[in-house]
Amino acid sequence: MLENRRYIIQIFFIFIGLVFLVRLFALQVADDTYSTKAERNILQRIVEYPFRGLIYDRNNELIVYNEPMYDLMVVPRDIHIADTTEFCRLFDITRDEFDERIKTTKRYSRVKPSIFLKKISHEKYAQIQDQLYKFNGFYVNPRTVRRYSQPVLANELGYIGEISPSQLAKDTSGYQGGDYIGITGLEEYYEPELRGVRGVSYKMVNVRGIDKGSYKNGAIDTVSVAGKNLISTIDLNLQAYAETLLAGKRGSIVAIEPSTGEVMVMASAPSYDPNLLTGKYLGDNFEKIRSDTTSPLFNRPIMATYPPGSIFKTVQALIALDVGVTTTEEQVKVDLTKIGDHAPAGNYDVVKGLRYSSNNYFREIMRRLVTRGESSNYFIDSRLGLEKWTAAVEKFGFGNRLGIDVHGEVTGKVPDVDYYDGIYGENRWAYSNIQSLSIGQGELLVTPLQVANLAAIIANRGYYIKPHLIRAVEENDEVVPFKHEKIYPGNGTEYYPEIIEGMAQAVKQTAPRAIINDIEIIGKTGTAENGVKDESLDHSVFMAFAPRDNPQIAIAVYVENSGMGGRAAGMTASLIIEKFLRGYIKKNWWNREAYVLKGDFIDKEVN
Amino acid sequence: MSREGGFFSNLDWLTVFLYFILVTLGWFNIYASIYDPVQDLSILDFSINSGKQLLWIGSSAVLIIVILLLDFRIYESIAPLLYGVFIVLLIAVVIVGKEINGAKAWFQFGAFRLQPSELTKFATALLLARYVSTNSVKLTQFKSQMTAFLIMLFPVGLIMLQPDLGSALIFFSFMIPIFREGLPPIYLIAGLSLVIVGTLTIILPIQTIAIILGSVGVVWVLLTLKSIKNILLTLLIVGASIGFASGFHYAFENVLPKYQRDRILVIFYPDIVDPQGAGYNLNQSKIAIGSGGFAGKGFLDGTQTKFDFVPEQSTDFIFSTLAEEHGWLGSTFIIALFIGLMMRIVFIAERQKSQFARVYGYSIAGIIFFHFTINIAMTIGLFPVVGIPLPFFSYGGSSLWSFTIMLFVLLKIDMHRAQVLMRG
């Protein structure tokens with residue numbers, strides 16, 4: 001009977017074999033999760049970040065381009081480092097930082113790649129790439145960062161950074177964590193054009209994450225599409241020149257090509273080198289820049305508001321002539337009893353009024369505009385007049401955003417009926433309360449961009465085109481320009497020559513230092529009072545265009561805390577105009593450039 | 001006197017054929033397990049495992065020739081001596097052996113390595129066979145049983161000094177020949193019960209175990225004699241079992257090193273335990289095997305294998321390469337081959353006239369069976385990972401030599417079975 005035990009044993013063998021076959025069947029045939037897991041093991045999804053669109057200036061010079069940068073990626077499950085000290089030394093991190101980062105990436109996912117070190121420079125990558133094989137689980141993901149051919153135009157260009165969690169939550173167009181997105185300036189405004197389309201390639205990797213070829217021969221890969229290039233209206237060299245003139249000061253320069261509304265210069269001071277806000281040290285640099293008390297991030301040309309000062313007299317004149325409360329010939333008797341004045345008493349017409357910048361003349365002009373005799377009640381009459389005046393001023397681009405293609409523009413302020421109702425009570429105010437508006441003071445606030453736009457309106461003799469920084473988008477090697485419309489602030493345009501003549505004379509009268517011998521500058525000085533008794537702290541303002549006929553450039557210059565407009569702002573503007581029109585600054589008996597650069601505008605003796 | 005018909009006519013060619021197929025398929029499979037598509041080395045390249053395995057295969061051929069030429073009677077006579085030599089070697093390896101993977105299991109002579117525990121199985125098989133076939137020995141008697149266990153377990157103790165749990169476990173395969181030769185089944189039942197209780201303590205709290213055992217005892221008494229003696233005996237056994245369970249539980253939690261505990265736990269809780277260590281290895285093996293599907297991904301096309309996702313691919317987990325590349329069909333074929341080999345060995349053992357030869361034959365079948373079962377169970381998550389090679393498939397010289405020796409000594413003895421006097 002012991003022989004029968006043979007069968008027990010043999011049956012037992014077969015039984016085990018069958019158990020295995022059943023179990024294997026369950027694993028291999030019945031359950032297909034393992035197939036999926038196998039795929040996931042070997043599959044690595046590599047995002048190919050698209051080449052961000054470039055930005056060129058109006059002369060096709062490169063303003064912003066892309067430089068390669070590398071993110072060090074890690075898959076925690078595959079980490080195997082023989083010498084951690086060497087790793088830390090190679091990547092310039094401390095052991096503590098290393099441990100901290102490893103913990104963070106493990107918490108995110110053991111098997112999905114995450115960023116271990118961001119933005120390794122091209123040079124550093126060259127150093128380390130030979131050593132990477134020693135560190136299992138780490139690989140490098142190429143990215144690009146922005147680089148600027150000249151360290152200018154920072155405020156308008158803006159900067160890019162990683163998309164924030166709150167933005168991601170709101171986004172519907174497919175951004176992912178780790179993508180770069182424009183945060184301010186043109187980078188932000190034109191993000192959809194610049195960003196391109198992400199590509200994905202699927203690679204097979206071995207257990208160490210080493211690339212073993214394309215998955216399914218690239219059948220499901222998608223290619224990245226480069227972003228579109230932008231052609232800007234900026235003249236990069238002129239912009240750089242403008243920024244050097246503003247160095248060490250606070251203020252703005254905006255220069256527009258009047259016939260097209262193209263912004264050739266848009267400088268804000270103080271500013272910063274845009275190269276600081278790219279690459280590895282963006283975070284540190286940003287902190288420094290942000291906490292700088294001079295506010296370099298503040299985009300003055302569109303965010304700073306000032307009382308326009310005497311410049312505004314041109315608007316008063318234009319409205320008055322357009323409405324018809326005066327004519328180009330009319331002589332108005334002016335005494336100096338109503339408000340303070342630099343100009344003498346006498347008979348003034350528009351030309352003379354502008355030439356001497358007579359406060360009392362313009363006080364009278366605006367009085368006519370605001371009190372047109374539509375009511376016997378002075379208060380109601382003022383109210384009716386102001387309503388029309390406000391509307392007319394707004395048509396010149398004040399009190400509203402002009403709509404330039406960067407975000408952040410403020411509207412400025414043109415006080416209206418409701419505003420004064422709020423201060424004085426309804427119908428309890430009249431022109432005499434608001435007469436300082438006539439000379440561009442009071443509650444009026446304008447931005448440098450609006451002032452430059454005004455110069456363009458006058459240069460064009462009666463219209464403007466919405467100022468913009470980008471003139472065209474390059475699509476498939478084809479430059480597609482944006483289309484624009486002319487905007488007419490007034491009803492007529494025949495009185496412009498007088499205005500222009502007045503401004504031409506004003507330059508000679510009040511801004512002699514701005515004169516260039518062979519280039520006629522049509523301009524208007526302004527001194528924006530700072531509200532402080534000390535006149536040396538007033539803001540120097542100058543608005544101009546040149547040449548008189550067929551003008552090429554309209555410009556507004558604000559230099560804060562530098563006294564009267566003729567000097568600081570006027571000379572700065574004239575230098576820029578000369579540089580633009582002539583190409584260089586002609587040598588003079590007097591080095592005007594050095595004077596402006598030095599920035600010492602206030603006379604020691606007070607006059 | 002040898003029969004007419006030539007020297008080789010008595011050699012069991014079926015077994016030789018099965019051996020040859022398994023060794024050859026094993027060789028190809030080792031190549032697949034280390035194949036790197038980038039390097040694309042030849043299977044014959046000696047710098048990689050498949051080339052080296054060819055050397056081992058070649059030298060095994062030499063061993064086969066030697067075995068076939070030696071007198072078949074020599075094995076029975078040198079059994080005690082051989083056993084003694086290997087006991088000494090097992091002691092020596094703990095002292096002067098090289099430590100690999102936490103166990104001192106190997107002697108190193110320059111580039112040459114020898115693992116004594118592999119050939120100890122052979123020596124133990126011989127000695128056990130000789131002892132059991134001694135006339136005075138009856139395995140129904142307690143003294144004989146204990147002596148047989150001693151022969152079987154003495155090497156286990158020594159091997160656990162290294163420590164090498166896997167090799168030690170194999171020695172329990174000798175229960176199969178001992179059972180065939182008359183061991184009362186109670187030992188097997190008791191042994192199996194202990195294993196079941198031990199396994200349950202791992203996954204159930206001790207109170208539950210106690211309740212289960214108590215219930216089993218009550219049911220037993222109800223079903224059988226309700227005599228005092230029976231009740232007391234049952235109580236004793238239940239009590240001892242609970243004691244065993246507690247002791248086992250204590251040892252499992254407090255004595256066993258964590259990594260070994262994890263290896264066992266991961267069988268029951270594959271997704272929770274040690275995901276980076278034991279859990280990872282097992283998971284990768286299951287992924288490789290599971291993704292093989294019905295017909296496999298094809299020779300040299302196993303992605304998990306090619307890209308090195310399964311650890312110990314050419315040794316402990318060699319089966320996963322096979323399963324991934326040849327699917328369920330391939331797995332079935334190989335399992336069938338192994339079962340076929342084992343069945344044939346049993347058949348050969350049964351036709352022996354000498355008890356020595358029969359016991360030896362069953363020992364060999366048992367050893368191969370345990371290796372086969374534990375190794376494959378390891379890869380599919382039915383048994384904790386212990387370093388046990390799959391015969392003829394796992395890369396390694398010691399393993400291939402020892403299986404070759406064990407198998408062909410049997411075949412040699414079998415060749416001359418007609419020459420032996422009947423011994424019962």
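Letters A, B, ... are given to chains in the order of the sequence lines, protein chains preceding strands, and every chain is numbered from 1. Here the structure is a predicted model, which means the values were calculated and not measured.
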**Item:** Trace of the ring pair (Phe, Tyr, Trp, His ring centres under 6.0 Å) decision for Phe13(A) with Phe372(B)
**Value:** CA-CA 10 Å; Phe13(A) 287 174; Phe372(B) 163 81; 8.9 Å; no

**Item:** Contact summary for Phe25(A) and Trp328(B), nearest pair of heavy atoms
**Value:** N-NE1, 3.2 Å

**Request:** Go through the atoms of Ala336(B) and report whether side chain, backbone, both or neither lie under 4.5 Å from a heavy atom of chain A.
**Result:** neither

**Asked** Arg23(A) versus chain B, heavy atoms under 4.5 Å apart: side chain, backbone, both or neither?
**Response** side chain

**Asked** Does a sphere of radius 6.0 Å around CG in Asn217(A) hold more than 12 heavy atoms from other residues, nucleotides or ligands, not counting ones at 6.0 Å or beyond?
**Response** no

**Message:** The criterion is ring-ring contact (aromatic ring centres under 6.0 Å, His included); which residues satisfy it with Phe91(A), sequence neighbours excluded?
**Reply:** Phe87(A)

**Message:** Report which part of Ile9(A) has an atom under 4.5 Å of a heavy atom belonging to chain B: side chain, backbone, both, or neither.
**Reply:** side chain

**Request:** Indicate yes or no for a side-chain donor-acceptor contact from Gln28(A) to the backbone of Ile289(B) under 3.5 Å, with no hydrogens or angles considered.
**Result:** yes

**Item:** Engaged part of Phe319(B) at the chain A interface, taking heavy atoms whose separation is under 4.5 Å
**Value:** side chain

**Message:** Under the criterion side chain to side chain contact (heavy atoms under 4.5 Å, CB included), I'd like the reasoning laid out for Arg180(B) against Ile8(A): C-alpha separation, chi angles, the key distance, then a yes or no.
**Reply:** CA-CA 9 Å; Arg180(B) 170 60 185 85; Ile8(A) 298 178; over 6 Å; no

**Request:** Report the distance from atom OG of Ser291(B) to atom CG of Asp31(A), rounding to the nearest 0.5 Å.
**Result:** 11.0 Å

**Item:** Proximity breakdown for Ile16(A) and chain B, heavy-atom pairs closer than 4.5 Å
**Value:** side chain

**Request:** Heavy-atom distances under 4.5 Å only: say whether Ile380(B) touches chain A with side chain, backbone, both or neither.
**Result:** both

**Request:** Please report the closest heavy-atom contact between Gln304(B) and Ala38(A), naming both atoms and the distance.
**Result:** NE2-O, 2.9 Å

**Closest approach of Tyr34(A) to Lys286(B) (non-hydrogen atoms, all atoms of both residues)** = CD2-O, 3.4 Å

**Message:** Report which part of Phe294(B) has an atom under 4.5 Å of a heavy atom belonging to chain A: side chain, backbone, both, or neither.
**Reply:** both

**Message:** Ignoring hydrogens, what is the shortest heavy-atom contact between Arg5(A) and Pro185(B)? Give both atom names and the distance.
**Reply:** NH2-CD, 3.7 Å

**Contacting region of Ala377(B) [heavy-atom separation from chain A under 4.5 Å]** = both

**Greater than 12 external heavy atoms within 6.0 Å of Lys119(A)'s NZ** = yes

**Request:** Kindly determine whether Thr332(B) and Phe20(A) satisfy side chain to side chain contact (heavy atoms under 4.5 Å, CB included), including the steps that lead there.
**Result:** CA-CA 9 Å; Thr332(B) 304; Phe20(A) 283 163; over 6 Å; no

**Message:** Ignoring hydrogens, what is the shortest heavy-atom contact between Gly17(A) and Ile339(B)? Give both atom names and the distance.
**Reply:** CA-CD1, 4.0 Å

**Asked** Does atom NZ of Lys103(A) have more than 12 heavy-atom neighbours, drawn from other residues, nucleotides or ligands, at distances under 6.0 Å?
**Response** no

**Complete:** Interatomic distance, CD@Gln10(A) vs CE@Met342(B), rounded to 0.5 Å, equals 11.0 Å

**Request:** Name the option with the most non-hydrogen atom pairs under 4.5 Å to chain B; the candidates are Ile14(A), Leu21(A), Val19(A).
**Result:** Leu21(A)

